[in-house]
Amino acid sequence: MNLFADIHTLVTRSLWELQEEGVLPDGLDFTSVTVEPPRDTLHGDMATNAAMVLAKPAKMKPHDIAVPLAARLLTDERVDTADVAGPGFLNLRLTTAVWAAVVPAALQAGVDFGRSRMGHGKRINIEYVSANPTGPLHVGHTRGAVFGDTLANLLAFAGFDVTREYYINDGGAQVDVLARSVYLRYLEAHGQDVAFEDGTYPGDYLIPVGQALKEKAGDAYVGAPEADWLTDVREFSTGAMMDLIREDLKALGVEMDLFYSEKSLYNTGQIEAALEALEQKGLICEGVPEPPKSRTPEYWEPRKQTLFRSSEHGDDVDRPIRKSDGSWTYFAPDIAYHYDKIERGFDALIDVFGTDHGGYVKRMKAAVSALSDGQVSLDVKLIQLVRLLKNGKPFKMSKRAGIFVTMRDIVDQAGADATRFHMLTRKNDAPLDFDFALVLDQSKENPVFYVQYAHARICSVVRKASEAGLDVNDRNLQNCDLAHLSDMAEIALIRKVAEWPRLLELAVHHNEPHRIAFYLYDLAGEYHVLHNRGKSRETLRFWQPEDAAASSARIAMIRAVAVVLSAGLAILGINPMEEM
RNA sequence: GCACCCGUAGCUCAGCCGGAUAGAGCGCUGCCCUCCGAAGGCAGAGGCCGGAGGUUCGAAUCCUCCCGGGUGCGCCA
């Protein structure tokens, strides 16, 4: 159930009725009429802007619309009061029974509370992480992984048909570098002294890969020319790296539906097919690209290249897809990859990139727009940098050249749950501080702890009531008499619970999973306030030994809070804790 | 030079498909508690929402310009 949607429906229906009765003129558009929670609860439970929005098209004063609308709304049993206020707002106060009804609804739905069909089964592809297969995942990937995975969970919860995808950049020169680096480790495993020159990866993580290569190939490649081993070693190495990456992702709780190989696009006609599609739309041409606008274009010499006319689809300039030697630029396989996504029938695409790829967004959108004739949307979410700290000071783990703080290091130290939550305590395009001391802190300064603690506290109260003989089964609690819930603070808590479905809609609309983390933090906060009241005044405790009816109502209420906390944490991929 | 992101309380940030007196945490000030419903509680001060125009009944939110910070900018992916 979504109370805001229900009341919005009621308002719209009332407007139609007023129109039929001639109070309002015909032909009005009600789509901009909203029903929202007012900023200040003193104004009521919900407010609608109907009178103000319709005043102009109806050629009426806001007041003359608001008054009959208020009268009409008051005939609905859910509406307690309807007052015209300010410039024409209509403030509604709902009966406490309406609010109380949120509780059994939540209990009945359980962790599915808030699940919706707003996605209408639309097929959506989310590409995230997509790190080069040349080493372990690091901090930045961790944030992107959590973001993408949580967004995927969120959209699935909202009724989209979601595919989680990882694009393996195994087609470029960097995997040759990987192969050469592994080859050095291989020689090392054979007892040779090797030197890691510039352009190779000296990280320790390749030592076991070199040893594994030795076990597999023996000394077959020792002393052999590169041409003899490069292909084999490259394949072996990228395979090993992807195994490592998959393991790391799993430790974070991230599982992809599909790992898509860039290499698979080469020599299979796929790149050619994508470019042919663009060609047919007249979007491929030969030309000299504009010189780079960087400060130092001295070495620029104009050369004729094959260009994608991305400027026809919103890009600033046309982009080269072939290098001057005729081979593909990195943009070409990316076009082909997105073309493949379109061909696979997705209605919408989301790419999660690091912020350093910001300059790449327009051309990618242009490609998708062109290839789908504007039918498939592409939303690119850029993930800002993560600053690792410990007690507020920059944190560096002991590391050798070439190895950064890895995702595995983070998960090992902070745990997957805390890592996931913390990575969402900032909007994706804002830089984020990840402080190990804070993430592990057992106090209210730590939002992860704060939310988990609220859930554990509820479990503790429910457990206690149960031990004292109260039937705390959710099915039973659904039927208890909620008239006992009349305290303003209790209604406020329920109101917060009732916002959950609406919050989800907003998060989906903006593709912003961090909103869930913030909401859960707020909800936990409101719960703690109520819980703390019971410390000073026993009559305000949820469990009242002398009053089973009141206890049931209150336990039902806090169970509803627990349900939302669980549902929210589930979307974040986090297990709620029953005790701390 | 151009593009994108950001500029909100002393600090770190929410809010931004336009809505009423702009929120939270930290820090600060005051009071209370130290009772396993534990790993503190309550209250308060603190803002021309970077600046200037514009659209609108209404702008932190949308548009334009400017200022400040970050990122990116041909044959690296």
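Residue numbers start from 1 in every chain, and the chains themselves are labelled A, B, ... in the order their sequence lines are given, proteins ahead of strands.
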| request: For A:Gln384, report the nucleic acid contact type (base, sugar-phosphate, nothing); a contact means any heavy atom under 4.0 Å. | output: nothing
| request: Answer yes or no: is there a donor N or O on one side and an acceptor on the other, between the side chain of A:Thr238 and the main chain of A:Arg234, under 3.5 Å? | output: yes
| query | Is it true that A:Lys362 and A:Asp316 have a side-chain N and a carboxylate O under 4.0 angstrom from each other? | reply | yes
| query | With rounding to whole Å, what would you report as the distance between B:G74 and B:C16 at their C1' atoms? | reply | 37 Å
| Do any side-chain nitrogens or oxygens of A:His531 fall under 4.0 Å of OP1 or OP2 in B:A38? | yes
| query | With pairs taken as Watson-Crick or G-U wobble and both distances under 3.5 angstrom, which stems of at least three consecutive pairs involve RNA chain B? | reply | B:1-7 with B:67-73, B:10-13 with B:23-26, B:28-32 with B:40-44, B:50-54 with B:62-66
| said: Quick check on B:G37: is either OP1 or OP2 less than 4.0 Å from any side-chain nitrogen or oxygen of A:Arg537? | reply: no
| query | What distance, rounded to whole Å, do you find between the two P atoms, one in B:A3 and one in B:A77? | reply | 27 Å
| field | Euclidean distance, atom CZ of residue A:Arg463 to atom C1' of B:C36 [Å, nearest integer] | value | 13 Å
| query | Judged by modelled atom types alone, do A:Gln270 and A:Tyr266 share a side-chain donor-acceptor pair under 3.5 Å? | reply | no
| request: Provide the distance between the two C1' atoms, one in B:G25 and one in B:G70, to the nearest whole Å. | output: 24 Å
| Stepwise side-chain contact (heavy atoms from CB on, under 4.5 Å) test for A:Tyr167 and A:Tyr128 | CA-CA 8 Å; A:Tyr167 181 61; A:Tyr128 55 108; over 6 Å; no
| task | Could you pick out which residue, A:Phe449 or A:Lys362, lies toward the 5' side of RNA chain B when each is mapped onto its nearest nucleotide? | result | A:Lys362
| message | Just N and O in the side chain of A:Lys304: are any of them under 4.0 Å from OP1 or OP2 of B:G74? | response | no
| task | With heavy atoms under 4.0 Å as the rule, sort A:Thr355 into base, sugar-phosphate or nothing. | result | sugar-phosphate
| field | Where A:Val11 and A:Leu69 come nearest, the two heavy atoms and their spacing | value | O-CD1, 4.4 Å
| If you pin A:Trp328 and A:Ser443 to their nearest nucleotides in RNA chain B, which one's is more 5'? | A:Ser443
| field | SB check A:Asp433 A:Arg387 (cutoff 4.0 Å) | value | yes
| When you check every protein heavy atom under 4.0 Å of nucleotides 10-24 of chain B, what one-letter string (B, S, -) results, 5' to 3'? | --SSSSBB-BB-SSS
| request: Please state how far atom CG in A:Asn446 lies from atom P in B:G25, giving the value in whole angstrom units. | output: 15 Å
| said: Expressed as a whole number of angstroms, how long is the span from A:Asp176:CG to B:C76:P? | reply: 13 Å
| request: Could you tell me whether the side chain of A:Asn446 and the main chain of A:Leu438 form a donor-acceptor pair under 3.5 Å? | output: yes
| field | Main-chain N/O of A:Thr34 paired to A:Thr48 side chain as donor or acceptor, under 3.5 Å | value | yes
| field | Spacing of the C1' atoms in B:G37 and B:G41 (rounded, Å) | value | 13 Å
| Taking NE2 from A:His313 and P from B:A3, how many angstroms apart are they, rounded to a whole number? | 21 Å
| query | Which part of the nucleic acid does A:Tyr360 contact within heavy-atom distance under 4.0 Å: base, sugar-phosphate only, or nothing? | reply | nothing
| Is the distance from OP1 or OP2 of B:C73 to the nearest side-chain N or O of A:Arg319 less than 4.0 Å? | no
| Presence of A:Lys56 side-chain N/O under 4.0 Å of B:C57 phosphate oxygens OP1/OP2 | yes
| field | Whole angstrom value for the distance that separates P of B:G37 from CZ of A:Arg554 | value | 17 Å
| field | Whole angstrom value for the distance that separates P of B:A3 from CG of A:Asp318 | value | 16 Å
| task | Give a yes-or-no answer on whether the side chains of A:His528 and A:Arg457 include a donor-acceptor pair shorter than 3.5 Å. | result | yes
| Under a 4.0 Å N-O cut-off, is there an ion pair linking A:Glu505 with A:Arg502? | no
| Euclidean distance, atom CG of residue A:Asp315 to atom P of B:C2 [Å, nearest integer] | 17 Å
| Does a salt bridge link A:Lys341 with A:Glu127, judged by any charged N lying under 4.0 Å from a carboxylate O? | yes
| query | What about A:Lys444: does its side chain form a donor-acceptor pair under 3.5 Å with the base of B:G40? | reply | no
| field | Gap between atoms CZ and P, on A:Arg541 and B:C36 respectively (whole Å) | value | 11 Å
| C1' gap between B:A38 and B:U34, integer Å | 11 Å
| Short side-chain N/O contact to B:A38 OP1/OP2 from A:Lys535, under 4.0 Å | yes
| field | Nearest-angstrom distance, C1' atom, B:A60 to B:G27 | value | 24 Å
| query | Is the shortest side-chain N to carboxylate O distance from A:Arg309 to A:Glu312 below 4.0 Å? | reply | yes
| field | Distance, C1' atom - from B:C66 to B:U21, rounded to whole angstrom | value | 31 Å
| said: For the C1' atoms, the ones on B:G54 and on B:G58, what distance do you get once it is rounded to whole angstrom? | reply: 15 Å
| said: Under 4.0 Å, heavy atoms only, any strand: does A:Gly358 hit a base, just the sugar-phosphate, or nothing? | reply: nothing
